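Note that the coordinates shown come from a computational prediction; the quantities given were computed from them, not determined experimentally. When a residue number appears, it is its place in the shown sequence, counting from 1. Keep in mind that the numbers below use all heavy atoms, side chains included, and drop hydrogens, waters and symmetry copies.
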Amino acid sequence: MKQMLRIAALACFFPLTLAAQQTTAVSPANDYAIAVAWQQHSGEFRALSFQAFNFARLSLINRMASADPAKKNCVVVDIDETVLDNSPFQGHEIQKGISYNLKDWGEWTSLGAADTIPGALSFLKFAADKQVETFYISNRTAAEHAGTLKNLQRLGFPYADEAHLLLNTATSDKEPRRQIVLKDYNILLLCGDNLSDFSNVFYREGKDTREQVDAAWQEFGNHFIVLPNPMYGDWEKILYKGTGLTEEERSAQRVQGLKGYEMK
């Protein structure tokens, strides 16, 4: 009888153990869940976005006063996580157990369903009222052109047209496109969520990013307006060693790259 009770107890225990293992098996993509949740639900994300565009208004007025009168004035903005919020796409990917899939991204952008980043639309309308044009320089591709314009126009963004939308048709380096704009315009402000939206010096020229940020400290809030984006960006590449890494390998390297401390 005791042996039968032991067998019965073990039979009950093993399914529970298996269920526990299945419950605790977490996709490496879940590393990003807290960042997406923060962007979607925190008041701090909205507050920081409003703060950035409030600074942009003040800086725009200041920079207009000293702009070259021989040129027209403009601001240059990135699109993703600067004027459009793609956190629903990021949430969708995490729920699938992945961090990013190019086909999924194409489907998302074709919908033109992204909402605005708080403060972005009102700031660009404010700039338009001051006869300051907006150029949208994005690394979305030509295949995403129609969906991108549809999204911007649906939300009422000013200068959302063929002439002011400069997508990635040859290189992800945005500097050549910035130079095209500079031929005829004073770029009073650059707005973005990634330091590469402002200059190549931060990531593309092999220099120490933190040192370059410190050296350019006076530009931030004055010439460069930075939006918060904890979900993705060039900053993450610094953590990874090697190419063709799996989700699991990237997750492990993210942990290895964290700073900690030891008790003495």
Novice: Any link between F198 and I79 through a network of hydrophobic side chains (Ile, Leu, Val, Met, Phe, Trp, Tyr) touching at under 4.5 Å?
Specialist: no
Novice: Are the charged groups of D80 and R140 less than 4.0 angstrom apart, N to O?
Specialist: yes
Novice: For Y232 versus N86, what's the shortest heavy-atom pair and its separation?
Specialist: OH-ND2, 4.4 Å
Novice: Give the C-alpha distance, both sets of side-chain angles, the deciding distance and a yes or no for side chain to side chain contact (heavy atoms under 4.5 Å, CB included) between V83 and L124.
Specialist: CA-CA 9 Å; V83 299; L124 293 180; 4.1 Å; yes
Novice: F45: which residues meet the ring pair (Phe, Tyr, Trp, His ring centres under 6.0 Å) condition with it, sequence neighbours left out?
Specialist: W38
Novice: Please check if any side-chain donor atom of R177 sits under 3.5 Å from a side-chain acceptor atom of N139, or the reverse.
Specialist: yes
Novice: So L182 and Q179, do their side chains get closer than 4.5 Å, heavy atoms only?
Specialist: yes
Novice: Can you see whether Q39 engages D85 through a side-chain donor-acceptor pair at a distance of less than 3.5 angstrom?
Specialist: yes
Novice: Examine F135 and L121 and state if one hydrophobic cluster contains both, with Ile, Leu, Val, Met, Phe, Trp and Tyr joined whenever side-chain heavy atoms are less than 4.5 Å apart.
Specialist: no
Novice: Over all heavy atoms of both residues, which pair between K150 and S110 is shortest? Give the atoms and the distance, please.
Specialist: NZ-O, 2.9 Å
Novice: Where is the tightest heavy-atom contact between T134 and V77, given as atom of each residue plus distance?
Specialist: CG2-CG2, 3.8 Å
Novice: Does any non-hydrogen side-chain atom of F53 lie less than 4.5 Å from one of L227?
Specialist: yes
Novice: Less than 4.0 Å between a side-chain N and a carboxylate O, is that true for D31 and R254?
Specialist: yes
Novice: Side chains of E249 and Q253 only: does a donor on one sit below 3.5 Å from an acceptor on the other?
Specialist: no
Novice: Does any N or O in the side chain of N151 come within less than 3.5 Å of the main-chain N or O of G112, such that one atom is a donor and the other an acceptor?
Specialist: yes
Novice: Under 3.5 Å, is there a donor-acceptor pair between the side chain of K174 and the main chain of I137?
Specialist: yes
Novice: Who are the ring pair (Phe, Tyr, Trp, His ring centres under 6.0 Å) partners of Y136, not counting sequence neighbours?
Specialist: none
Novice: Can we say D234 and R204 salt-bridge, meaning some charged N sits less than 4.0 Å from an Asp/Glu carboxylate O?
Specialist: no
Novice: A side-chain contact here means heavy atoms from C-beta on lying under 4.5 Å apart; do F224 and F202 qualify?
Specialist: yes
Novice: Is it the case that the side chain of R46 and the backbone of Q40 share a donor-acceptor pair, with hydrogens and angles ignored and the cut-off at 3.5 Å?
Specialist: no
Novice: Identify the two heavy atoms, one from S99 and one from R250, that lie closest to each other, and give their separation to 0.1 Å.
Specialist: OG-NH2, 3.7 Å
Novice: Give the intermediate values and the outcome of salt bridge (Lys or Arg N to Asp or Glu O under 4.0 Å) for residues D184 and K72.
Specialist: CA-CA 7 Å; D184 299 309; K72 294 180 285 187; over 6 Å; no
Novice: The criterion is salt bridge (Lys or Arg N to Asp or Glu O under 4.0 Å); which residues satisfy it with E219, sequence neighbours excluded?
Specialist: none
Novice: Between the side chain of N186 and the main-chain N/O of D68, is any donor-acceptor distance below 3.5 Å?
Specialist: yes
Novice: Just checking, is any N or O donor in the side chain of Y185 or K71 under 3.5 Å from an acceptor N or O on the other one?
Specialist: no
Novice: Identify the two heavy atoms, one from F126 and one from I61, that lie closest to each other, and give their separation to 0.1 Å.
Specialist: CZ-CD1, 4.0 Å
Novice: Would you mind checking if E211 and K207 are paired as a salt bridge, meaning a charged N to carboxylate O distance below 4.0 Å?
Specialist: no
Novice: So, do F220 and I225 sit near enough that their side-chain heavy atoms are less than 4.5 Å apart?
Specialist: no
Novice: Would you tell me whether H145 and E162 have side-chain atoms, one donor and one acceptor, within less than 3.5 Å of each other?
Specialist: yes
Novice: Are N222 and S59 linked by a side-chain donor-acceptor pair shorter than 3.5 Å?
Specialist: no
Novice: Between CD of Q212 and CG of D214, what distance do you get to the nearest 0.5 Å?
Specialist: 9.0 Å
Novice: How far does CD of E81 sit from CG of N229, to the nearest 0.5 angstrom?
Specialist: 5.0 Å
Novice: Kindly compute the distance separating OG1 (T116) from CG (L84), expressed to the nearest 0.5 Å.
Specialist: 8.0 Å
Novice: Quick check: do L190 and R178 have side-chain heavy atoms less than 4.5 Å from each other?
Specialist: yes
Novice: Specify the closest pair of heavy atoms between P230 and W235, including all atoms of both residues, with the distance to one decimal.
Specialist: O-CZ2, 3.8 Å
Novice: Is the backbone of D193 close enough, under 3.5 Å, to the side chain of D197 for a donor and an acceptor to pair up by distance?
Specialist: yes
Novice: So, does N168 use its side chain to make a donor-acceptor pair with the main chain of T171 at under 3.5 Å?
Specialist: yes
Novice: Could you tell me whether I34 atom CD1 has more than 12 heavy atoms of other residues or ligands within 6.0 Å of it?
Specialist: no
Novice: Is a side-chain donor-acceptor pair under 3.5 Å present for N200 with D173?
Specialist: yes
Novice: Taking atom types as modelled, find out whether E144 and T141 have a side-chain donor-acceptor pair closer than 3.5 angstrom.
Specialist: yes
Novice: Which distance, rounded to the nearest 0.5 Å, do you find between the CG of L165 and the OG of S138?
Specialist: 7.5 Å
Novice: Given L195 and T209, is the side chain to side chain contact (heavy atoms under 4.5 Å, CB included) satisfied, shown in steps?
Specialist: CA-CA 9 Å; L195 292 175; T209 299; 3.9 Å; yes
Novice: Hydrophobic clusters here meaning ILVMFWY residues chained together by side-chain heavy-atom distances under 4.5 Å, can you tell me if L167 and V181 are in one?
Specialist: no
Novice: Check whether any side-chain heavy atom of F123 lies under 4.5 Å from a side-chain heavy atom of L60, and answer yes or no.
Specialist: yes
Novice: Are E247 and S27 linked by a side-chain donor-acceptor pair shorter than 3.5 Å?
Specialist: no
Novice: Can you hop from Y159 to V76 via hydrophobic side chains spaced under 4.5 Å?
Specialist: no
Novice: If I take atom CG from residue D104 and atom CD from residue E93, how far apart are they, to the nearest 0.5 angstrom?
Specialist: 4.0 Å
Novice: With no hydrogens and no angle check, just 3.5 Å: does a side-chain donor-acceptor pair link E236 and Y32?
Specialist: yes
Novice: Kindly work out whether a path of hydrophobic side-chain contacts (I/L/V/M/F/W/Y, heavy atoms less than 4.5 Å apart) joins I117 to F50.
Specialist: no
Novice: Would you compute the distance between atom OG of S196 and atom CD of E175 and round it to the nearest 0.5 angstrom?
Specialist: 10.5 Å
Novice: Quick one: do the Q131 and N73 side chains pair a donor with an acceptor below 3.5 Å?
Specialist: no
Novice: With a 6.0 Å cut-off (strictly less than), is the heavy-atom count around CZ of F55, excluding the residue itself, greater than 12?
Specialist: no
